[in-house]
Amino acid sequence: MNPYAAYKKQSVTTMTPIEIVVKLYSETERELNRAIVFIEQKNYESANKSLTKSVDLINALRSVLDVNLPIGQNLDSLYSYFEKEIITANMKKDIEMIKPLLPMIAELKDAFTQVSLMSKEDIATQELQSKKNQ
């Protein structure tokens with residue numbers, strides 16, 4: 001294994017679950033941005049690869065959802081929307097279908113990044129507040 005691959009594997013195995021989610025969002029953004037550039041360059045084979053990777057990344061995010069929770073159900077619906085849009089954009093090679101997804105994915109990434117920065121006590125306090133408000 002080359003040194004970069006070894007480093008990459010080590011970094012993923014030491015990440016927390018929330019850090020992995022943030023990484024998946026970052027990689028999805030990266031692949032969607034790459035696809036836009038490839039489509040602009042009329043490099044449709046590379047665009048297809050990037051968009052296919054994007055769908056795989058969304059499905060990886062989807063696979064760890066707890067759909068018994070309302071937030072899990074909401075994210076599942078959103079991921080389903082992302083997947084449908086990316087597949088259609090891939091078939092049409094339509095940049096305008098990809099662009100609106102980027103800010104939504106960035107917002108989700110930012111939200112999960114904020115959660116990753118919270119202490120366990122902060123999370124417990126927010127959960128308690130949420131239960132009181134229900």
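Below, all heavy atoms of this structure are taken into account, side chains as well, without hydrogens, waters or symmetry copies.
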Rounded to the nearest 0.5 Å, what's the gap from [atom1] on [X] to [atom2] on [Y]? Could you check?
X	Y	atom1	atom2	value
L32	K53	CG	NZ	12.5 Å
I36	E96	CD1	CD	8.5 Å
M15	L24	CE	CG	8.0 Å
S46	R34	OG	CZ	7.5 Å
N33	E31	CG	CD	9.5 Å
E29	L101	CD	CG	11.0 Å

Can I86 and I58 be said to form a side chain to side chain contact (heavy atoms under 4.5 Å, CB included), step by step?
CA-CA 10 Å; I86 293 167; I58 294 297; 4.2 Å; yes
Given F82 and L61, is the side chain to side chain contact (heavy atoms under 4.5 Å, CB included) satisfied, shown in steps?
CA-CA 11 Å; F82 290 160; L61 286 162; over 6 Å; no
E45 atom CD, over 12 foreign heavy atoms within 6.0 Å
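For E45, atom CD is not crowded (no more than 12 foreign heavy atoms under 6.0 Å).
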Would one find more than 12 heavy atoms of other residues, nucleotides or ligands at under 6.0 Å from atom CD of Q73?
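Enclosed.
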So do [Y] and [X] actually touch side chain to side chain, heavy atoms under 4.5 Å?
X	Y	result
N48	T52	yes
V21	Y25	yes
K93	N90	yes
L108	L78	yes
E40	I95	yes
L65	Y79	yes

Any residue meeting side-chain contact (heavy atoms from CB on, under 4.5 Å) with D66, in chain and number order, not counting sequence neighbours
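Here the qualifying residues are N68, L69.
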For residues [X] and [Y]: do they belong to one hydrophobic cluster (side chain heavy atoms under 4.5 Å, members Ile, Leu, Val, Met, Phe, Trp, Tyr)?
X	Y	value
V55	M104	yes
I18	V64	no
Y81	L102	yes

Identify whether the distance between the nearest side-chain nitrogen and carboxylate oxygen of R62 and E83 falls below 4.0 Å.
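Result for this pair is yes, salt bridge flagged.
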State which residues pass ring-ring contact (aromatic ring centres under 6.0 Å, His included) with F38; sequence neighbours excluded, sorted by chain then number.
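Checked F38 against ring-ring contact (aromatic ring centres under 6.0 Å, His included); zero matches.
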Please confirm whether the backbone N or O of [Y] pairs with a side-chain atom of [X], one donor and one acceptor, at under 3.5 Å?
X	Y	result
S63	A60	yes
T113	K109	yes
D76	G72	no

Could you go step by step and tell me if T88 and M97 meet the side chain to side chain contact (heavy atoms under 4.5 Å, CB included) rule?
CA-CA 8 Å; T88 305; M97 292 186 76; 3.4 Å; yes
Do E19 and S116 have side-chain atoms, one donor and one acceptor, less than 3.5 Å apart?
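Looking only at side-chain atoms, S116 and E19 do not form any donor-acceptor pair under 3.5 Å.
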As a quick check of understanding, evaluate side chain to side chain contact (heavy atoms under 4.5 Å, CB included) for I39 and I98, giving each step before the final call.
CA-CA 11 Å; I39 292 169; I98 300 168; 3.9 Å; yes
